[in-house]
Amino acid sequence: MIRLATWNVNSVRARLPVVLEWLREARPDIVLLQETKVQDAAFPRDPFADEGYNIALFGQKTYNGVAILSKFPLDDVVCGFPALGEGQEARYIEAFTGGVRVASVYVTNGQAPDSPKYERKRQFFEALRARAQTLLSYGEALILGGDYNVAPTDADVYDPQAWHEKILCSTPERAWLQSLMDLGFTDALASQVLPSGKRPFTWWDYRGNGFPRNAGLRIDHLLLSESARTCLHEVEVQSVWRAQEKTSDHAPVMGVFRRPVS
DNA sequence: ATGGTGGCGATGCCA
């Protein structure tokens, strides 16, 4: 089995103790990190290397930053999208590792539908879709994991009325994500429906006691190519890690895959 | 209630 997780950690340096505890307990083989918020030279490599991980980085100061940790060698590392040019924000890194091609994705938040950042979110999805189309043509097991900053349906939102056409939930954003899915991806968590009728949330706002009230959204996703989907054994949101002290506002999503993945 | 909490970095910006 291969254990693969995605987690928006909201600063890898501020989160180091809880992330290391999580690594030891959850024992993922491959980790897709988002919002590391650190330049590559200042990334805390040693604690992760000591846990047995190889490391691929696309970092940035203060904002954004993505990384891949893997117990397997990391090959074919690619950072960013050609379409977004030099100096683009650090929001995408991919690698081939353990027989699967993976990417850590941190989609632009967009701020609000009437913000200039909303158009940048659309452009990011456009560039991601183009790259995903190329990767799917390889016919490999492919997993695009990360913080997509889109709740796909109202079942992924604790209060759909309050979030109606708001950022993360607006109709165009859902269409951008769906257009990516329509290339041939399966949303690993989409089939999970709780007794409440909701799907498991992955992000809860720090503000207003979001987690204790379960006022959350499902915006972190594992998107699986067909050959990755056929290997999927189980997947869960590890919300216990959202309950810790000094933790991220996102929970990890862990998928377990039968080998060989490809 | 147009707030609120948190990270970064030293102030507002971003989420």
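Residue numbering restarts at 1 for every chain, and letters A, B, ... go by the order of the sequence lines.
Contacts of residues 149-171 of chain A with DNA chain B (heavy atom under 4.0 Å): none. The stretch residues 106-116 of chain A touches DNA chain B through Tyr106(A), Asn109(A), each having a heavy atom under 4.0 angstrom from the strand.
With sequence neighbours left out, the side chain to side chain contact (heavy atoms under 4.5 Å, CB included) criterion links His233(A) to Met1(A), Val256(A), Arg258(A). Evaluation of the ring-ring contact (aromatic ring centres under 6.0 Å, His included) rule for Phe81(A) yields Tyr92(A), Phe124(A) as partners, not counting sequence neighbours. Every residue two or more places apart in sequence or in another chain that forms a ring-ring contact (aromatic ring centres under 6.0 Å, His included) with Tyr148(A) is listed here: His221(A). Residues forming a salt bridge (charged side-chain N to carboxylate O under 4.0 Å, His left out) with Asp75(A) (at least two apart in sequence, or on another chain): none. Remark: Phe185(A) engages no residue in a ring-ring contact (aromatic ring centres under 6.0 Å, His included) (not counting sequence neighbours). Remark: Asp156(A) engages Arg199(A), Arg218(A) in a salt bridge (charged side-chain N to carboxylate O under 4.0 Å, His left out) (not counting sequence neighbours). Phe201(A) meets the ring-ring contact (aromatic ring centres under 6.0 Å, His included) test with no other residue; sequence neighbours excluded. Qualifying side chain to side chain contact (heavy atoms under 4.5 Å, CB included) partners for Ser191(A), counting only residues two or more places apart in sequence or in other chains: none.
Using a 4.0 Å cut-off, some side-chain N or O of Lys117(A) falls inside it from OP1 or OP2 of dC14(B).
Distance, Asn64(A) CG to dA15(B) C1': 10 Å, rounded to whole Å. Taking atom CH2 on Trp203(A) and atom C1' on dA15(B), their separation rounds to 8 Å, with Å as the unit. Straight-line distance from the CG atom of Leu217(A) to the P atom of dA15(B): 16 Å, rounded to whole Å. Between the OH atom of Tyr148(A) and the P atom of dA15(B) there is a distance of 18 Å, rounded to whole Å.
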Please write out the pairs of protein N or O atoms and N or O atoms of nucleotides 1-7 of chain B separated by less than 3.5 Å, giving the distance to one decimal.
unit_1 : atom_1 : unit_2    : atom_2 : d
dG4(B) : O6     : Arg207(A) : NH1    : 3.4
dG7(B) : OP1    : Arg15(A)  : NH1    : 3.1
dG7(B) : OP1    : Lys246(A) : NZ     : 3.4
dG7(B) : OP2    : Lys246(A) : NZ     : 3.4
dG7(B) : O3'    : Ser11(A)  : OG     : 3.2

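At a threshold of 4.0 angstrom between heavy atoms, the contacts of Arg120(A) with the nucleic acid are absent.
Note: Phe125(A) and Trp176(A) have tilted aromatic rings, judged against thresholds of 30 and 60 degrees for the angle between ring planes.
Under the side chain to side chain donor-acceptor pair (under 3.5 Å) criterion, the residue pairs touching residues 34-45 of chain A are Thr6(A)-Gln34(A), Asn8(A)-Glu35(A), Asn10(A)-Lys37(A), Gln34(A)-Ser104(A), Glu35(A)-Tyr106(A), with sequence neighbours excluded.
Nucleotides dG3(B) and dA15(B), compared at atom C1', are 16 Å apart to the nearest Å.
Among all heavy-atom pairs drawn from Leu168(A) and Leu217(A), the shortest one is CD1-CD2, 3.8 Å.
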